[in-house]
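Below is one structure, written out as structure tokens; the observations come after it.
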Amino acid sequence: MDPRIRPSWDEYFMEFARLAAKRSSCLRRSVGAVIVREKRVLATGYNGAPTGVAHCSETGCLREKLKVPSGERHELCRGLHAEQNAIIQAAHHGIRIEGSILYCTTHPCVICTKMLINAGIVKIVYAEGYTDDLSAEMLKESGISLHKYES
């Protein structure tokens with residue numbers, strides 16, 4: 001990449017999400033998220049166990065042990081999703097995220113989608129797909145703008 005060429009805003013913020021994903025402690029999938037408003041980063045998140053709780057990288061993956069397919073039985077996991085952690089980080093620090101954009105390395109699942117709708121996210125930019133028909137349906141119904149990031 002020519003150093004004189006500035007990245008687009010989508011490229012810039014997706015790189016933040018990719019960097020956050022590198023902190024993931026999930027053994028199955030590394031996901032990162034960043035919440036942005038007015039071209040400013042408000043909060044970031046990655047998938048992993050709650051603060052002070054052993055990570056799957058230490059305990060092993062319960063979902064693998066139980067042979068739970070991807071996209072099913074989310075409650076059978078020690079970790080939170082990147083989107084959830086970004087929302088929680090913003091709340092913990094008293095940062096309003098209504099009207100913001102979420103950049104995420106993976107399309108949100110239905111649980112995260114419901115949280116993002118209620119948090120007032122207006123646009124989602126994601127890099128990789130995720131098979132969750134209900135999530136896609138609810139995003140469409142909610143009016144949240146959804147864009148697949150193309151590098």
Side-chain angles (χ1 to χ4, degrees), residues 10-37 40-151:
D10 282 352
E11 183 179 5
Y12 180 71
F13 292 122
M14 190 57 73
E15 284 301 313
F16 274 87
R18 288 185 175 130
L19 181 61
K22 292 181 180 183
R23 292 279 310 151
S24 171
S25 60
C26 180
L27 301 174
R28 287 180 133 190
R29 179 191 314 256
S30 295
V31 180
V34 60
I35 299 174
V36 174
R37 187 176 57 238
R40 301 289 184 259
V41 173
L42 302 179
T44 63
Y46 53 88
N47 54 332
T51 303
V53 175
H55 292 275
C56 298
S57 55
E58 300 165 292
T59 65
C61 178
L62 177 61
R63 294 173 60 78
E64 284 295 321
K65 290 176 190 167
L66 298 175
K67 302 195 182 332
V68 177
S70 179
E72 296 179 17
R73 305 290 314 270
H74 296 284
E75 75 280 7
L76 295 176
C77 180
R78 298 181 68 81
L80 291 141
H81 289 185
E83 304 94 321
Q84 294 167 341
N85 274 324
I87 291 168
I88 292 165
Q89 183 187 62
H92 181 79
H93 293 287
I95 299 169
R96 185 176 153 267
I97 60 173
E98 183 178 12
S100 299
I101 299 170
L102 174 83
Y103 287 85
C104 195
T105 58
T106 304
H107 186 288
C109 73
V110 69
I111 294 169
C112 291
T113 291
K114 291 183 276 188
M115 292 179 180
L116 294 164
I117 291 167
N118 278 357
I121 299 296
V122 297
K123 180 178 176 181
I124 297 171
V125 180
Y126 69 96
E128 297 175 19
Y130 185 76
T131 305
D132 191 327
D133 295 337
L134 184 54
S135 172
E137 179 184 323
M138 291 182 79
L139 285 168
K140 184 176 181 179
E141 185 178 340
S142 74
I144 291 176
S145 178
L146 183 66
H147 299 275
K148 174 132 177 43
Y149 175 75
E150 302 292 339
S151 54

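For the single chain, residues carry numbers from 1 onward in sequence order. This one's a predicted model, so the numbers in the text were calculated from it and none came from an experiment.
Smallest separation of non-hydrogen atoms from C56 and L27: O-CD1, 3.5 Å. Of all non-hydrogen atoms in C112 and Q84, the two that sit nearest each other are SG-CG, 3.7 Å. Here the closest non-hydrogen pair linking G48 and N85 is O-ND2, 3.9 Å. Closest non-hydrogen pair, I87 versus M115, comes out as CD1-CB, 3.9 Å. Contact record, R96 with R37: O-NH1, 2.6 Å, taken as the closest heavy-atom pair. Nearest approach of I35 to A86, heavy atoms of both residues: CD1-CB, 3.7 Å.
Here CG of L139 is found 9.5 Å from CG of L134. Values are rounded to the nearest 0.5 Å. Once rounded to the nearest 0.5 Å, the distance linking OG1 of T44 with CZ of R23 reads 10.0 Å. The distance from atom CG of L66 to atom SG of C61, rounded to the nearest 0.5 Å, is 8.5 Å. Interatomic distance, I124 CD1 to I117 CD1, rounded to the nearest 0.5 Å: 8.0 Å. Atom CG of L146 sits about 10.0 Å away from atom CG of L102, to the nearest 0.5 Å. Note: Q89 CD to L42 CG = 10.0 Å, rounded to the nearest 0.5 Å.
For N47 (side chain) and S24 (main-chain N/O), no donor-acceptor pair under 3.5 Å exists by modelled atom type. A donor-acceptor pair is defined here as one N or O able to donate and one able to accept, closer than 3.5 Å; such a pair exists between the side chain of S135 and the backbone of P108. At least one donor-acceptor pair closer than 3.5 Å links the side chain of T105 to the backbone N or O of G32. Formation of a donor-acceptor pair under 3.5 Å by the K123 side chain with backbone atoms of S100 is not found in this model. In this structure, R28 contributes its side chain and E64 its backbone to no donor-acceptor pair below 3.5 Å. Proximity of a side-chain donor or acceptor of R78 to a complementary backbone N or O of A54 within less than 3.5 Å is detected. Side-chain atoms of D132 come within 3.5 Å of backbone atoms of V110 as a donor-acceptor pair (strictly under, hydrogens ignored). Side chain of E15 to backbone of Y12: no donor-acceptor contact under 3.5 angstrom is found.
A donor atom on one side chain and an acceptor atom on the other are found under 3.5 Å apart for S70 and R29.
Heavy-atom contacts from other residues, nucleotides or ligands closer than 6.0 Å to CD of E141 number 12 or fewer. Annotation for K65: atom NZ counts as buried by contact number, over 12 foreign heavy atoms lying within 6.0 Å. Sparse packing is recorded around CZ of R73, with 12 or fewer heavy atoms of other residues, nucleotides or ligands lying under 6.0 Å away.
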Verify side chain to side chain contact (heavy atoms under 4.5 Å, CB included) between H74 and H81, making sure each step is shown before the conclusion.
CA-CA 10 Å; H74 296 284; H81 289 185; 3.6 Å; yes
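Looking at E137 and K140, no side-chain N of the basic residue comes within less than 4.0 Å of a carboxylate O on the acidic one, giving no salt bridge.
By the side chain to side chain donor-acceptor pair (under 3.5 Å) test, D10 pairs with Y103, sequence neighbours left out.
Ring geometry, F13 versus F16: the interplanar angle falls from 30° to 60°, so the pair is classed tilted.
For residues 121-151, every residue pair satisfying the ring pair (Phe, Tyr, Trp, His ring centres under 6.0 Å) rule, not counting sequence neighbours, is listed here: H107-Y126.
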